[in-house]
Amino acid sequence: AQSVSQHNHHVILSEAASLELGCNYSYGGTVNLFWYVQYPGQHLQLLLKYFSGDPLVKGIKGFEAEFIKSKFSFNLRKPSVQWSDTAEYFCAVNAPGGYQKVTFGTGTKLQVIP
Amino acid sequence: DAGVIQSPRHEVTEMGQEVTLRCKPISGHNSLFWYRQTMMRGLELLIYFNNNVPIDDSGMPEDRFSAKMPNASFSTLKIQPSEPRDSAVYFCASSLFGGEQFFGPGTRLTVL
């Protein structure tokens, strides 16, 4: 069974600080990887995804993530956060090829202080 | 595309009452997921369907919860009888062949 670990539960940053949120997964085969964001009071929305190819994936709003297969990691980064990035961020994984459920991590709450 | 549609958006009911939450997935998607989100337990997968067939309902908390998907464009999650600890935001999501999931706006359920 696949699992996802997000080690940081709550991160507080000042505006313009750099962000890196950790995500490690456990699964023996090929994976699809996702980062979702949930703004306060809203539903989850896709930030970026990795299926194959270039392990450095760029998403919306200046976010990027790097897939490091040897470390089973898919960390999310942003060089300079804004107050509007305050949200909860979820890493997720599934196995490709049809009818696999997506396993979500427990989420990381990011608070950006103006 | 209208996205995933959920109704009602808010539901307030009394303990013991039956609650039915509804979801219309994105047209053409073949997988549908029901999640529950609370402060204490975070995001939990309750059940998911592929091609209208329930595949994994291991996340359904107990027999009071049931879900159906009578056709590709409609699903329900029913709680009978409801209890205060069922208060949560319930999300429905759909996807195509295990790809990106698209989430609905959620139903905020309050059981008094």
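Below, chain A is the first sequence line, B the second, and so on; all start at residue 1.
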Interatomic distance, B:Tyr35 atom OH to A:Phe104 atom CZ [nearest 0.5 angstrom]: 4.0 Å

ILVMFWY cluster, B:Val89 and A:Leu44 together (side-chain gap under 4.5 Å): yes

ILVMFWY network linking B:Leu32 to B:Phe65, side-chain heavy atoms under 4.5 angstrom: yes

Connected via hydrophobic side-chain network under 4.5 Å: A:Tyr27 and A:Leu33: yes

Residue selection (most heavy-atom pairs with chain A, distance under 4.5 Å) from B:Arg108, B:Gln37, B:Gln101: B:Gln101

B:Ile79 reachable from B:Phe91 in the ILVMFWY side-chain graph, under 4.5 Å edges: no

Close side-chain approach of B:Phe102 to A:His43, heavy-atom, < 4.5 Å: no

A:Asn94 CG to B:Ser31 OG distance, which is reported to the nearest 0.5 Å: 9.5 Å

Residue A:Gln38 versus chain B: region with a heavy atom under 4.5 Å: side chain

Joint cluster assignment, A:Ile60 & A:Leu19, ILVMFWY side-chain distance < 4.5 Å: yes

For the student: nearest non-hydrogen atoms of B:Leu43 and A:Phe90, plus distance: CB-CE2, 4.2 Å

